[in-house]
Amino acid sequence: MIKLTINKKPYQVEVDPDTPLLWVLRDALGLVGTKYGCGVAQCGACVVHLNGEAVRSCVTKVSRAAGQKVVTIEGLAAKADHPVQKAWLELDVAQCGYCQSGQIMAAAVLLKENKNPTDADIDAAMAGNICRCGTYLRIREAIHLAAEMQRKGSNG
Amino acid sequence: MKQHPEYGTRTSALMKIITTLSVFIFLVTAVTTVYSGDYVISKSTETRLTDSVPVPLKAERDSVASVQAFSKVYKVLMSPRCMNCHPAGDVPLQGDDSHLHTMLPQRGVDGKGVYSMKCGNCHQPENTPGLNTPPGNPEWHLPPARMKMIFQGRTPHQLAKQLVNRKQNGDKSLEKLLEHADDTLVLAGWHPGEGRTLPPMSHAEFKKAWTTWIVKGAYAPNP
């Protein structure tokens with residue numbers, strides 16, 4: 001039995017400790033906002049926060065998350081109104097939308113650590129999140145907008 | 001022809017002075033040659049070392065053996081398993097061809113990446129199973145920005161000098177350098193995960209060469 005804290009809620013799961021966290025989130029707990037993309041930490045679709053870091057849940061064993069704080073896209077903001085989520089909607093960033101939960105979770109870590117990122121900061125932070133629709137320019141614009149919202153105190 | 005007695009005495013005195021000077025110059029030159037050039041351990045380091053562990057013992061110094069051992073050390077340090085995390089730039093290298101790491105993760109101040117692109121986000125405490133999946137280690141990181149400890153592009157001479165310079169080697173004494181052969185990230189080079197070649201010799205052989213290089217005087221090969 002592995003004890004997890006996900007989106008501030010306690011869970012106990014009966015799984016092999018080597019099971020990827022992504023499978024536990026999606027298959028055992030039904031938190032399907034986090035996506036499977038490549039399975040080898042190459043695309044970023046599966047990013048969740050583990051103690052505030054943007055880890056790739058497809059290669060993170062559930063044992064690494066035991067007793068730690070996990071946040072998924074479902075728990076990023078109580079009303080799905082994190083500045084990044086608001087900016088995403090305002091600028092219609094998503095095209096197919098498959099990558100966006102990973103993109104948003106990665107961007108949230110960037111804005112937590114850098115309140116006013118430059119284009120270079122955004123590129124450095126987001127280079128590991130692939131968007132097959134090629135919405136990179138809108139992603140960058142949305143992060144700037146989210147940073148502005150955050151600076152103005154808009155929690156959304 | 002008979003010499004003037006005073007002239008003979010002056011010549012003899014002059015010859016003695018020249019002889020003495022020659023011997024003095026010879027001795028100075030010999031000593032300077034032995035303790036300069038590519039001998040890379042400072043005198044202060046030697047003094048400190050003899051207070052703790054006998055490395056390097058003066059009796060053990062052997063520039064030929066030391067340089068020969070370093071040629072093996074160099075082959076390992078310049079192999080992808082070591083050099084890929086000691087890049088000349090701020091992006092790690094990847095693969096047996098040492099290309100820039102895909103996704104271009106940045107070194108960051110502490111060598112552990114930046115923002116949502118930190119090493120530990122993908123590199124787990126252990127190797128991820130599968131071909132060419134992220135290798136892992138609990139300490140996975142690059143050298144920090146303030147001391148990049150670059151291997152890429154270094155000649156044997158440059159790398160040997162860098163490795164023993166405490167201002168360039170992470171402030172490691174020679175004892176610490178010896179211990180570094182068993183550092184967890186050094187050892188990780190011999191457990192690189194599926195799809196990656198090993199360094200060109202076993203860890204035991206590398207450690208023997210590393211130790212010999214240091215104990216025999218940590219000499220640098222000629223430029």
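Values below: every heavy atom of this structure, side chains too, minus hydrogens, waters and symmetry copies. Per chain, numbering begins at 1; letters A, B, ... match sequence-line order.
With a 6.0 Å radius and a threshold of 12 heavy atoms from other residues, nucleotides or ligands, Lys172(B) has its NZ atom above the threshold. For Lys176(B), the NZ atom is loosely surrounded, since the number of other residues' heavy atoms within 6.0 Å does not exceed 12. Annotation: Lys3(A), atom NZ; neighbour count of heavy atoms from other residues, nucleotides and ligands within 6.0 Å does not exceed 12. Other residues, nucleotides and ligands contribute over 12 non-hydrogen atoms within 6.0 Å of the NZ atom of Lys148(B).
If you measure heavy-atom distances from Val109(A) to chain B, the contacts under 4.5 Å come from the side chain alone. Using a 4.5 Å cut-off between heavy atoms, Asn129(A) does not touch chain B at all. Interface residue Lys61(A): backbone and side-chain heavy atoms are both found under 4.5 Å from chain B. Looking at Pro129(B), neither its backbone nor its side chain comes within 4.5 Å of chain A, counting heavy atoms on both sides. Heavy atoms of Arg64(A) lying under 4.5 Å from chain B belong exclusively to its side chain.
Under the 3.5 Å distance criterion, the side-chain polar atoms of Asn121(B) are matched with a main-chain donor or acceptor of Ala54(A). Although no hydrogens or angles enter the test, the distance criterion places no donor-acceptor pair under 3.5 Å between the side chain of Ser116(B) and the main chain of Leu110(A).
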Checking Lys112(B) against Glu53(A) for the salt bridge (Lys or Arg N to Asp or Glu O under 4.0 Å) test, could you report, in this order, the C-alpha distance in whole Å, the side-chain angles of both residues, the deciding distance, and whether it holds? CA-CA 12 Å; Lys112(B) 294 179 180 175; Glu53(A) 299 292 356; over 6 Å; no
Step by step, would you call Met126(A) with Met117(B) a side chain to side chain contact (heavy atoms under 4.5 Å, CB included)? CA-CA 7 Å; Met126(A) 303 300 293; Met117(B) 287 285 282; over 6 Å; no
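Heavy-atom minimum distance, Ala124(A) versus Val114(B): CB-CG2, 4.1 Å.
Ranked by heavy-atom pairs shorter than 4.5 Å toward chain A, the options Gly120(B), Pro105(B), Cys122(B) are led by Cys122(B).
Remark: Glu126(B) CD to Ser63(A) OG distance equals 7.0 Å, nearest 0.5 Å.
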